[in-house]
Amino acid sequence: MENWTHDFNIGSMVRTANAFQAKRVHIVGPHKWNRKGALMTELYQHVENHPSITELVECWKLRIAGEIAAAQSQASAIALHMHENAKSGRGTGMNDAASLNEGRATECAPAGNSMDISTACGAENGSKLAYMTQLAAIDQRIAELKAARVIALDIIPGAVPMETYRLPKRCLMLFGAEGPGLSEKALELADDVVYISQFGSVRSINAGAAAAVSMHAWIAQHAAPQS
């Protein structure tokens, strides 16, 4: 939220962010705001304060970059573990002709024991499958992080309608005050500018309501409905 002049809207947005489980609420400017509209959700909703919109966007992008680096490091660790397992010959007893003839895979069993080859194969395959599943999940997470975008919500020339816009899984939504809207700097830092289509005689809605509509649009695209 940047340049908000209506304190009650800030509280309303914190409440909405909690309802839709936004990771964080960012307030640009003065820390003091009317908490009445938040209905005490500010006590457990993560709220951060920033001196400027530039600092907010830079901080958010650094956080995304850090998450990408951490995920890549995790993927490298899993790949290395798989390589070390293969290099050390774990499970190679299943490829030994003599073991196949005997129907045993003694190299896969603890000392003094033997194991059916089907069980050994299942254990090895299950472990490899688990690693591959983890790597696939990490790759998907990295792709989502790399697709993260800063999205400004404002009705200006060149903005695209929210109804046709595909919100990324990770995004930072920027909101301004009902009158002046977002600053030129905020619009400059945004990757995309999106607006909520309106059809009445007044083409604007309460800023807190606009934030709720925007967050719910993300929910409609990404969250599984609760039964």
Side-chain angles (χ1 to χ4, degrees), residues 17-18 20-26 44-48 50 55-151 164-173 189-192 194 215-227:
N18 176 264
F20 296 128
Q21 294 194 321
K23 284 183 176 292
R24 295 173 183 84
V25 172
H26 304 272
Y44 40 90
Q45 172 66 44
H46 196 88
V47 179
E48 292 185 1
H50 305 268
E55 194 272 348
L56 162 60
V57 173
E58 288 179 353
C59 179
W60 183 79
K61 288 186 174 180
L62 283 173
R63 179 176 284 128
I64 293 294
E67 290 185 31
I68 291 174
Q72 291 173 333
S73 177
Q74 186 181 5
S76 296
I78 293 173
L80 178 62
H81 193 63
M82 292 176 67
H83 175 73
E84 291 297 327
N85 282 354
K87 188 176 179 181
S88 64
R90 296 179 188 176
T92 54
M94 290 175 284
N95 297 320
D96 186 86
S99 296
L100 287 172
N101 290 335
E102 295 173 4
R104 303 288 181 184
T106 56
E107 292 184 22
C108 293
N113 294 324
S114 63
M115 183 185 298
D116 288 342
I117 192 167
S118 59
T119 303
C121 285
E124 182 187 25
N125 291 338
S127 178
K128 184 177 181 180
L129 178 61
Y131 286 138
M132 296 304 292
T133 300
Q134 290 179 52
L135 285 175
I138 293 172
D139 285 344
Q140 181 180 351
R141 174 169 170 74
I142 291 173
E144 291 173 352
L145 289 166
K146 287 184 175 180
R149 299 181 75 78
V150 178
I151 303 169
T164 60
Y165 181 76
R166 180 64 183 175
L167 290 160
K169 190 72 174 289
R170 289 293 295 273
C171 59
L172 174 67
M173 293 181 177
L189 292 171
D191 296 307
D192 300 309
V194 178
M215 282 187 267
H216 189 268
W218 186 98
I219 288 291
Q221 292 182 19
H222 295 289
Q226 295 181 347
S227 58

Apply salt bridge (charged side-chain N to carboxylate O under 4.0 Å, His left out) to [X] and list each qualifying residue two or more places apart in sequence or on a separate chain.
X	answer
D192	R149
E48	R24, R63
E58	none

Can you tell me if T133 uses its side chain to pair, donor with acceptor, with the backbone of L129 under 3.5 Å?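 Checking the backbone N and O of L129 against the side chain of T133, a donor-acceptor pair under 3.5 Å is found.
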Check whether any side-chain N or O of W60 sits under 3.5 Å from a backbone N or O of E55 as a donor-acceptor pair, and report yes or no. no
Within the 4.5 Å heavy-atom criterion, are [X] and [Y] side-chain neighbours or not?
X	Y	value
C171	D191	no
Q221	K169	no
C59	H50	yes
I78	I138	yes

So, for [X] and [Y], which heavy atoms are closest and what is the spacing to 0.1 Å?
X	Y	result
A147	P168	O-CB, 3.6 Å
A75	L135	O-CD2, 3.6 Å
Q45	N18	OE1-CA, 3.2 Å

To the nearest 0.5 Å, tell me how far Y131 OH sits from N85 CG.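 The CG atom of N85 is 5.0 Å from OH of Y131, to the nearest 0.5 Å.
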To the nearest 0.5 Å, tell me how far M173 CE sits from H26 NE2.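 Reported value, rounded in 0.5 Å steps: 12.0 Å.
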side-chain contact (heavy atoms from CB on, under 4.5 Å), that's the test. Do K61 and L172 meet it? Break it down for me. CA-CA 9 Å; K61 288 186 174 180; L172 174 67; over 6 Å; no
Candidate pair L189 and V150, rule side-chain contact (heavy atoms from CB on, under 4.5 Å), full reasoning: CA-CA 8 Å; L189 292 171; V150 178; 5.6 Å; no
Step by step, work out the side-chain contact (heavy atoms from CB on, under 4.5 Å) result for I64 and R170. CA-CA 9 Å; I64 293 294; R170 289 293 295 273; 3.5 Å; yes
